[in-house]
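Take a look at the structure below.
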Amino acid sequence: MMNFDLEERLEQRSEQRLFRQRVILDSPQKPEAMVDGRPCLMFCSNDYLGLANHPEIRSAFQQAANVYGIGSGASALINGHSRPHRQLEEELAEFTGRARVLLFSTGYMANLGVISALLSPGDALFQDRLNHASLLDAGRLSGARFQRYLHLDMGNLERRLKKSKARRKLIATDGVFSMDGDRTPLAELVKLSRQYQAGLMVDDAHAFGCIGKGGRGSLKEGGFTTDDVPVMMATLGKAFGTAGAFVAGSETLIENLIQFARSYIYTTAMPPAIAEASRASLKVVERDEWRRQQLTSNVIYFRRSCESLGIPLMASDSAIQPIQVGSVEESLRVSEQLLDLGVLVTPIRPPTVPAGSSRLRVTLSAIHTREHIDRLVEALQSIVWHKPGQAA
Ligand SMILES: *Cc1c(COP(=O)(O)O)cnc(C)c1O
(Lines give C-alpha, C1' and ligand atoms only; values in the text may rest on other atoms or scores of the structure.)
Protein backbone atom coordinates (compact mmCIF):
# COMPACT_ATOMS: atom_id res chain seq x y z
CA MET A 1 0.00 0.00 0.00
CA MET A 2 1.71 3.12 -1.29
CA ASN A 3 1.17 6.54 0.24
CA PHE A 4 -0.57 5.31 3.37
CA ASP A 5 2.59 5.49 5.54
CA LEU A 6 1.68 2.12 7.01
CA GLU A 7 5.21 1.25 8.09
CA GLU A 8 5.93 4.72 9.46
CA ARG A 9 2.76 4.66 11.51
CA LEU A 10 3.69 1.33 13.08
CA GLU A 11 7.22 2.54 13.78
CA GLN A 12 5.87 5.65 15.44
CA ARG A 13 3.43 3.59 17.49
CA SER A 14 6.33 1.43 18.72
CA GLU A 15 8.60 4.39 19.44
CA GLN A 16 5.87 5.96 21.56
CA ARG A 17 5.55 2.61 23.35
CA LEU A 18 1.88 2.53 22.37
CA PHE A 19 2.08 -0.58 20.21
CA ARG A 20 -0.63 -3.07 21.17
CA GLN A 21 -0.12 -6.83 21.25
CA ARG A 22 -2.74 -9.43 21.96
CA VAL A 23 -2.15 -12.18 24.47
CA ILE A 24 -3.74 -15.50 23.54
CA LEU A 25 -6.21 -17.01 25.94
CA ASP A 26 -6.11 -20.82 25.92
CA SER A 27 -8.94 -21.36 28.40
CA PRO A 28 -12.37 -19.97 29.24
CA GLN A 29 -12.57 -16.54 30.80
CA LYS A 30 -11.90 -17.26 34.52
CA PRO A 31 -9.50 -16.14 37.28
CA GLU A 32 -7.13 -19.12 36.88
CA ALA A 33 -6.74 -19.07 33.14
CA MET A 34 -4.24 -20.23 30.57
CA VAL A 35 -2.57 -17.34 28.81
CA ASP A 36 -0.11 -17.94 25.96
CA GLY A 37 0.01 -21.58 27.01
CA ARG A 38 0.78 -21.06 30.68
CA PRO A 39 -1.26 -20.71 33.88
CA CYS A 40 -2.02 -17.14 34.78
CA LEU A 41 -4.14 -15.33 37.34
CA MET A 42 -6.36 -12.83 35.49
CA PHE A 43 -7.42 -9.46 36.86
CA CYS A 44 -8.51 -7.58 33.76
CA SER A 45 -11.68 -9.25 32.51
CA ASN A 46 -15.11 -7.60 32.47
CA ASP A 47 -16.67 -10.92 33.50
CA TYR A 48 -17.63 -9.27 36.80
CA LEU A 49 -20.02 -11.95 38.03
CA GLY A 50 -18.09 -14.97 36.73
CA LEU A 51 -20.80 -15.97 34.24
CA ALA A 52 -18.77 -16.25 31.02
CA ASN A 53 -18.21 -19.95 31.69
CA HIS A 54 -21.25 -20.77 33.87
CA PRO A 55 -22.58 -24.35 33.35
CA GLU A 56 -26.29 -23.34 33.20
CA ILE A 57 -25.58 -20.65 30.63
CA ARG A 58 -23.27 -22.87 28.61
CA SER A 59 -25.90 -25.57 28.50
CA ALA A 60 -28.61 -23.09 27.41
CA PHE A 61 -26.28 -22.04 24.60
CA GLN A 62 -25.64 -25.65 23.53
CA GLN A 63 -29.31 -26.60 23.57
CA ALA A 64 -30.29 -23.52 21.62
CA ALA A 65 -27.62 -24.29 19.02
CA ASN A 66 -29.24 -27.71 18.59
CA VAL A 67 -32.67 -26.14 18.11
CA TYR A 68 -31.89 -22.93 16.20
CA GLY A 69 -28.52 -23.67 14.61
CA ILE A 70 -25.63 -21.23 14.66
CA GLY A 71 -26.05 -18.27 12.33
CA SER A 72 -29.07 -15.98 12.39
CA GLY A 73 -28.79 -15.84 8.60
CA ALA A 74 -29.91 -12.27 8.01
CA SER A 75 -30.52 -8.90 9.57
CA ALA A 76 -33.42 -8.59 12.00
CA LEU A 77 -35.62 -6.75 9.48
CA ILE A 78 -35.21 -9.47 6.85
CA ASN A 79 -35.69 -12.74 8.73
CA GLY A 80 -32.93 -12.91 11.34
CA HIS A 81 -35.17 -11.97 14.29
CA SER A 82 -36.04 -15.24 15.97
CA ARG A 83 -38.20 -16.31 18.93
CA PRO A 84 -35.27 -16.24 21.43
CA HIS A 85 -34.46 -12.63 20.42
CA ARG A 86 -38.06 -11.59 21.00
CA GLN A 87 -38.24 -13.40 24.35
CA LEU A 88 -34.99 -11.87 25.54
CA GLU A 89 -36.23 -8.38 24.57
CA GLU A 90 -39.43 -8.92 26.52
CA GLU A 91 -37.63 -10.27 29.56
CA LEU A 92 -35.13 -7.40 29.57
CA ALA A 93 -38.00 -4.89 29.30
CA GLU A 94 -39.65 -6.49 32.32
CA PHE A 95 -36.33 -6.61 34.18
CA THR A 96 -35.42 -2.96 33.54
CA GLY A 97 -39.00 -1.79 34.12
CA ARG A 98 -39.11 -0.13 30.70
CA ALA A 99 -41.78 -0.40 28.02
CA ARG A 100 -39.60 -1.94 25.37
CA VAL A 101 -36.11 -3.18 24.53
CA LEU A 102 -34.15 -3.58 21.31
CA LEU A 103 -31.21 -5.99 21.04
CA PHE A 104 -28.06 -4.97 19.20
CA SER A 105 -25.18 -7.23 18.15
CA THR A 106 -22.66 -5.22 20.21
CA GLY A 107 -22.62 -2.30 22.60
CA TYR A 108 -20.53 -0.31 20.17
CA MET A 109 -23.26 -0.68 17.58
CA ALA A 110 -26.04 0.09 20.06
CA ASN A 111 -24.40 3.43 20.85
CA LEU A 112 -23.76 4.27 17.20
CA GLY A 113 -27.33 3.30 16.35
CA VAL A 114 -29.19 5.19 19.01
CA ILE A 115 -27.24 8.45 18.86
CA SER A 116 -27.17 8.66 15.08
CA ALA A 117 -30.89 7.84 14.94
CA LEU A 118 -31.72 10.60 17.44
CA LEU A 119 -29.41 13.40 16.30
CA SER A 120 -28.65 15.18 13.05
CA PRO A 121 -26.33 18.02 12.07
CA GLY A 122 -27.53 21.14 13.88
CA ASP A 123 -28.41 19.21 17.06
CA ALA A 124 -26.17 19.27 20.13
CA LEU A 125 -24.63 16.37 22.02
CA PHE A 126 -23.05 16.79 25.47
CA GLN A 127 -20.75 14.06 26.64
CA ASP A 128 -18.63 13.47 29.70
CA ARG A 129 -15.00 13.72 28.68
CA LEU A 130 -14.30 10.18 29.84
CA ASN A 131 -17.22 8.53 28.05
CA HIS A 132 -16.58 5.25 26.27
CA ALA A 133 -15.08 5.51 22.78
CA SER A 134 -18.28 4.16 21.22
CA LEU A 135 -20.27 7.14 22.51
CA LEU A 136 -17.67 9.54 21.17
CA ASP A 137 -17.66 7.81 17.79
CA ALA A 138 -21.46 7.82 17.78
CA GLY A 139 -21.38 11.59 18.24
CA ARG A 140 -19.06 11.96 15.28
CA LEU A 141 -21.20 9.73 13.10
CA SER A 142 -24.40 11.62 13.94
CA GLY A 143 -22.93 14.87 12.60
CA ALA A 144 -24.32 16.69 15.65
CA ARG A 145 -22.23 19.43 17.19
CA PHE A 146 -20.66 17.66 20.09
CA GLN A 147 -19.06 18.90 23.23
CA ARG A 148 -17.19 17.08 25.94
CA TYR A 149 -17.74 18.48 29.43
CA LEU A 150 -15.19 18.01 32.21
CA HIS A 151 -15.44 14.64 33.90
CA LEU A 152 -18.37 14.63 36.39
CA ASP A 153 -18.37 18.45 36.36
CA MET A 154 -22.01 19.54 36.42
CA GLY A 155 -21.13 23.25 36.50
CA ASN A 156 -19.18 22.83 33.30
CA LEU A 157 -22.05 20.93 31.69
CA GLU A 158 -24.59 23.53 32.79
CA ARG A 159 -22.59 26.40 31.27
CA ARG A 160 -22.50 24.52 27.98
CA LEU A 161 -26.22 23.70 28.07
CA LYS A 162 -27.04 27.33 28.84
CA LYS A 163 -25.04 28.57 25.85
CA SER A 164 -26.44 26.08 23.36
CA LYS A 165 -29.06 27.33 20.92
CA ALA A 166 -29.65 23.93 19.36
CA ARG A 167 -33.27 22.84 19.09
CA ARG A 168 -32.46 19.27 20.15
CA LYS A 169 -29.99 18.54 22.91
CA LEU A 170 -28.86 15.16 24.20
CA ILE A 171 -26.66 14.44 27.21
CA ALA A 172 -24.91 11.06 27.06
CA THR A 173 -22.85 9.49 29.83
CA ASP A 174 -21.45 6.23 31.09
CA GLY A 175 -23.21 5.10 34.29
CA VAL A 176 -19.98 3.64 35.70
CA PHE A 177 -16.93 4.88 33.79
CA SER A 178 -15.11 2.10 32.01
CA MET A 179 -11.52 3.12 32.71
CA ASP A 180 -11.93 4.88 36.08
CA GLY A 181 -14.70 2.88 37.75
CA ASP A 182 -16.37 5.96 39.23
CA ARG A 183 -20.01 6.90 38.75
CA THR A 184 -21.90 9.67 37.04
CA PRO A 185 -24.01 12.00 39.25
CA LEU A 186 -27.37 10.79 37.96
CA ALA A 187 -29.68 12.93 40.09
CA GLU A 188 -27.96 16.13 38.99
CA LEU A 189 -27.96 15.04 35.35
CA VAL A 190 -31.69 14.36 35.49
CA LYS A 191 -32.23 17.80 37.00
CA LEU A 192 -30.12 19.57 34.36
CA SER A 193 -31.71 17.64 31.51
CA ARG A 194 -35.15 18.78 32.71
CA GLN A 195 -34.07 22.36 33.25
CA TYR A 196 -32.54 22.68 29.77
CA GLN A 197 -34.97 20.38 27.98
CA ALA A 198 -32.26 18.00 26.91
CA GLY A 199 -32.63 14.26 26.41
CA LEU A 200 -30.57 12.01 28.68
CA MET A 201 -28.88 8.73 27.79
CA VAL A 202 -27.02 6.45 30.21
CA ASP A 203 -24.67 3.70 29.02
CA ASP A 204 -24.77 1.24 31.91
CA ALA A 205 -22.34 -1.33 30.47
CA HIS A 206 -20.34 -1.61 33.70
CA ALA A 207 -23.23 -1.39 36.17
CA PHE A 208 -25.78 -3.70 34.57
CA GLY A 209 -25.77 -6.97 36.50
CA CYS A 210 -23.48 -5.57 39.19
CA ILE A 211 -25.50 -2.96 41.05
CA GLY A 212 -29.12 -2.17 41.88
CA LYS A 213 -31.82 -4.62 42.96
CA GLY A 214 -31.27 -7.94 41.23
CA GLY A 215 -28.49 -6.34 39.18
CA ARG A 216 -30.84 -3.95 37.37
CA GLY A 217 -28.13 -1.31 37.11
CA SER A 218 -27.59 2.26 38.20
CA LEU A 219 -30.96 3.65 37.03
CA LYS A 220 -33.01 1.22 39.10
CA GLU A 221 -30.62 1.63 42.01
CA GLY A 222 -31.27 5.38 42.04
CA GLY A 223 -35.00 4.97 41.33
CA PHE A 224 -34.81 6.72 37.93
CA THR A 225 -37.66 6.01 35.52
CA THR A 226 -37.97 6.29 31.74
CA ASP A 227 -39.28 9.84 32.32
CA ASP A 228 -36.06 10.74 34.13
CA VAL A 229 -33.66 8.94 31.78
CA PRO A 230 -35.39 8.20 28.48
CA VAL A 231 -32.52 6.21 26.94
CA MET A 232 -30.86 3.35 28.78
CA MET A 233 -28.22 1.22 27.11
CA ALA A 234 -26.39 -1.77 28.57
CA THR A 235 -24.26 -4.63 27.31
CA LEU A 236 -24.48 -8.40 27.73
CA GLY A 237 -20.77 -9.13 27.19
CA LYS A 238 -19.63 -7.94 30.62
CA ALA A 239 -21.41 -8.98 33.84
CA PHE A 240 -23.89 -11.07 31.82
CA GLY A 241 -21.03 -13.15 30.44
CA THR A 242 -22.53 -13.54 26.93
CA ALA A 243 -22.42 -11.03 24.05
CA GLY A 244 -24.43 -8.21 22.55
CA ALA A 245 -26.25 -5.22 24.00
CA PHE A 246 -29.60 -3.51 24.18
CA VAL A 247 -31.34 -0.17 24.37
CA ALA A 248 -34.35 0.15 26.71
CA GLY A 249 -36.93 2.92 26.66
CA SER A 250 -40.38 3.92 25.55
CA GLU A 251 -42.40 2.23 22.87
CA THR A 252 -41.83 5.16 20.47
CA LEU A 253 -38.08 5.32 21.12
CA ILE A 254 -37.64 1.64 20.30
CA GLU A 255 -39.89 1.80 17.25
CA ASN A 256 -37.77 4.73 16.01
CA LEU A 257 -34.62 2.65 16.43
CA ILE A 258 -36.12 -0.24 14.46
CA GLN A 259 -36.92 2.20 11.64
CA PHE A 260 -33.84 4.43 11.73
CA ALA A 261 -30.87 2.93 13.62
CA ARG A 262 -28.58 1.93 10.77
CA SER A 263 -26.30 -0.23 12.96
CA TYR A 264 -29.42 -2.25 13.81
CA ILE A 265 -30.85 -2.43 10.31
CA TYR A 266 -27.75 -3.15 8.25
CA THR A 267 -26.14 -5.95 10.19
CA THR A 268 -26.74 -9.66 10.76
CA ALA A 269 -28.77 -10.31 13.91
CA MET A 270 -26.92 -11.84 16.89
CA PRO A 271 -26.97 -15.67 16.84
CA PRO A 272 -30.19 -16.94 18.45
CA ALA A 273 -28.18 -19.22 20.78
CA ILE A 274 -26.53 -16.09 22.21
CA ALA A 275 -29.99 -14.73 22.96
CA GLU A 276 -30.96 -17.99 24.68
CA ALA A 277 -27.70 -17.99 26.67
CA SER A 278 -28.45 -14.40 27.71
CA ARG A 279 -31.92 -15.44 28.89
CA ALA A 280 -30.28 -18.10 31.08
CA SER A 281 -27.80 -15.51 32.26
CA LEU A 282 -30.60 -13.10 33.18
CA LYS A 283 -32.04 -15.78 35.50
CA VAL A 284 -28.68 -16.32 37.19
CA VAL A 285 -27.97 -12.58 37.48
CA GLU A 286 -31.29 -11.96 39.19
CA ARG A 287 -31.20 -15.07 41.39
CA ASP A 288 -27.57 -15.10 42.58
CA GLU A 289 -27.52 -12.14 44.95
CA TRP A 290 -24.38 -13.71 46.46
CA ARG A 291 -22.40 -12.85 43.33
CA ARG A 292 -23.01 -9.12 43.81
CA GLN A 293 -22.27 -9.45 47.53
CA GLN A 294 -19.06 -11.35 46.84
CA LEU A 295 -18.00 -8.78 44.24
CA THR A 296 -18.58 -5.95 46.71
CA SER A 297 -16.70 -7.73 49.45
CA ASN A 298 -13.82 -8.50 47.05
CA VAL A 299 -13.65 -4.80 46.13
CA ILE A 300 -13.50 -3.80 49.80
CA TYR A 301 -10.89 -6.46 50.58
CA PHE A 302 -8.68 -5.43 47.64
CA ARG A 303 -8.91 -1.73 48.50
CA ARG A 304 -8.05 -2.39 52.15
CA SER A 305 -5.06 -4.54 51.22
CA CYS A 306 -3.76 -1.87 48.84
CA GLU A 307 -4.29 0.91 51.37
CA SER A 308 -2.30 -0.91 54.03
CA LEU A 309 0.57 -1.26 51.54
CA GLY A 310 0.40 2.32 50.31
CA ILE A 311 -0.62 1.36 46.78
CA PRO A 312 -2.79 4.30 45.70
CA LEU A 313 -6.10 3.48 44.06
CA MET A 314 -8.56 5.74 42.30
CA ALA A 315 -11.89 6.75 43.86
CA SER A 316 -14.05 3.82 42.77
CA ASP A 317 -16.44 1.49 44.52
CA SER A 318 -17.09 -0.60 41.42
CA ALA A 319 -15.42 -3.77 40.10
CA ILE A 320 -13.02 -1.47 38.20
CA GLN A 321 -10.09 -0.61 40.50
CA PRO A 322 -7.39 1.09 38.43
CA ILE A 323 -3.91 1.80 39.74
CA GLN A 324 -2.88 5.00 38.01
CA VAL A 325 0.85 5.01 37.32
CA GLY A 326 1.00 7.99 34.95
CA SER A 327 3.56 7.26 32.30
CA VAL A 328 3.24 4.80 29.47
CA GLU A 329 6.66 3.34 30.32
CA GLU A 330 5.75 2.69 33.92
CA SER A 331 2.45 1.03 33.07
CA LEU A 332 4.24 -1.31 30.66
CA ARG A 333 7.01 -2.07 33.11
CA VAL A 334 4.66 -2.90 35.98
CA SER A 335 2.39 -4.97 33.77
CA GLU A 336 5.36 -6.95 32.41
CA GLN A 337 6.64 -7.60 35.92
CA LEU A 338 3.21 -8.78 37.00
CA LEU A 339 3.08 -11.14 34.04
CA ASP A 340 6.47 -12.56 35.03
CA LEU A 341 4.86 -13.31 38.40
CA GLY A 342 1.96 -15.04 36.66
CA VAL A 343 -0.59 -12.23 37.00
CA LEU A 344 -2.27 -10.68 33.97
CA VAL A 345 -3.33 -7.02 34.20
CA THR A 346 -3.02 -5.39 30.79
CA PRO A 347 -1.79 -1.79 30.84
CA ILE A 348 -4.20 0.87 29.60
CA ARG A 349 -2.47 3.63 27.66
CA PRO A 350 -3.44 6.58 25.44
CA PRO A 351 -5.51 7.03 23.37
CA THR A 352 -7.75 4.78 25.50
CA VAL A 353 -7.07 7.10 28.46
CA PRO A 354 -5.81 10.71 28.46
CA ALA A 355 -2.04 11.30 28.17
CA GLY A 356 -0.29 11.06 31.53
CA SER A 357 -2.93 8.81 33.07
CA SER A 358 -1.74 5.38 31.96
CA ARG A 359 -2.84 2.75 34.39
CA LEU A 360 -3.20 -0.85 35.34
CA ARG A 361 -6.92 -1.42 35.09
CA VAL A 362 -7.44 -4.04 37.76
CA THR A 363 -10.90 -5.58 37.63
CA LEU A 364 -12.42 -7.87 40.20
CA SER A 365 -14.93 -10.65 39.78
CA ALA A 366 -17.36 -12.40 42.10
CA ILE A 367 -15.40 -15.60 41.54
CA HIS A 368 -12.02 -14.25 42.63
CA THR A 369 -11.18 -15.79 45.99
CA ARG A 370 -9.38 -14.09 48.88
CA GLU A 371 -6.35 -16.18 47.96
CA HIS A 372 -6.41 -14.85 44.38
CA ILE A 373 -6.57 -11.29 45.64
CA ASP A 374 -3.77 -11.94 48.14
CA ARG A 375 -1.61 -13.21 45.29
CA LEU A 376 -2.30 -10.06 43.25
CA VAL A 377 -1.52 -7.81 46.21
CA GLU A 378 1.69 -9.72 46.99
CA ALA A 379 2.75 -9.39 43.38
CA LEU A 380 2.01 -5.65 43.45
CA GLN A 381 3.95 -5.36 46.67
CA SER A 382 7.02 -7.12 45.27
CA ILE A 383 7.30 -4.71 42.37
CA VAL A 384 9.74 -1.85 42.74
CA TRP A 385 7.66 1.20 41.85
CA HIS A 386 9.57 4.03 40.30
CA LYS A 387 8.76 6.55 42.96
CA PRO A 388 9.54 4.60 46.14
CA GLY A 389 6.58 3.77 48.34
CA GLN A 390 3.98 4.90 45.88
CA ALA A 391 2.77 3.99 42.46
CA ALA A 392 2.29 7.43 40.95
C1 LIG B 1 -17.74 -2.29 26.54
C2 LIG B 1 -18.49 -1.03 26.41
C3 LIG B 1 -19.23 -0.74 25.27
C4 LIG B 1 -19.19 -1.61 24.06
O5 LIG B 1 -19.87 -2.80 24.24
P6 LIG B 1 -19.47 -4.06 23.34
O7 LIG B 1 -20.65 -4.97 23.47
O8 LIG B 1 -18.23 -4.60 23.90
O9 LIG B 1 -19.31 -3.54 21.95
C10 LIG B 1 -19.99 0.41 25.27
N11 LIG B 1 -19.98 1.26 26.32
C12 LIG B 1 -19.25 1.02 27.42
C13 LIG B 1 -19.28 2.00 28.55
C14 LIG B 1 -18.47 -0.12 27.49
O15 LIG B 1 -17.71 -0.34 28.56
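Each ligand, and each atom within it, is numbered from 1 in the order the structure gives. Along the sequence shown, residues carry numbers from 1.
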Under 3.5 Å: N/O of Gly107 near N/O of ligand 1: yes
Met109 and ligand 1 - part of the residue with a heavy-atom distance under 4.0 Å: neither
Side chain, backbone, both or neither: the part of Asn111 lying under 4.0 Å from ligand 1 by heavy atom: side chain
Nearest protein heavy atom with distance in Å, relative to atom 15 (O) of ligand 1: His206 NE2, 2.4 Å
Straight-line distance of Ile367 CD1 to Leu51 CG, nearest 0.5 Å: 8.0 Å
Parallel, tilted or perpendicular, as decided by the 30° and 60° cut-offs, for the rings of Phe208 and Phe240: parallel
Phe43 ring center within less than 6.0 Å of His368 ring center: yes
Ser134 heavy atom under 4.0 Å from ligand 1: yes
NZ/NE/NH1/NH2 to OD/OE distance under 4.0 Å, Arg38 and Asp26: no
Heavy-atom nearest neighbour in the protein, as seen from atom 8 (O) of ligand 1, with distance rounded to 0.1 Å: Lys238 NZ, 4.3 Å
Ion pair check, Arg183 and Glu221, cut-off under 4.0 Å: yes
Rounded distance [0.5 Å steps], CD in Glu56 versus NZ in Lys283: 8.5 Å
Interfacing atoms of ligand 1 (cut-off 4.0 Å, heavy-atom, Asp203): 10 (C), 11 (N), 12 (C), 13 (C)
N or O pair under 3.5 Å between Asp174 and ligand 1: no
Proximal ligand 1 atoms for Ala205, defined as those under 4.0 Å from one of its heavy atoms: 12 (C), 13 (C), 14 (C), 15 (O)
Charged N-O contact under 4.0 Å between Arg333 and Glu336: no
Mode of Thr235 contact toward ligand 1 - side chain, backbone, both, neither (heavy atoms, under 4.0 Å): side chain
Glu307 with Arg304: basic N within carboxylate O range, under 4.0 Å: no
Per-atom contacts of ligand 1 with Tyr108, taking only distances under 4.0 Å to non-hydrogen atoms: 4 (C), 5 (O), 6 (P), 9 (O)
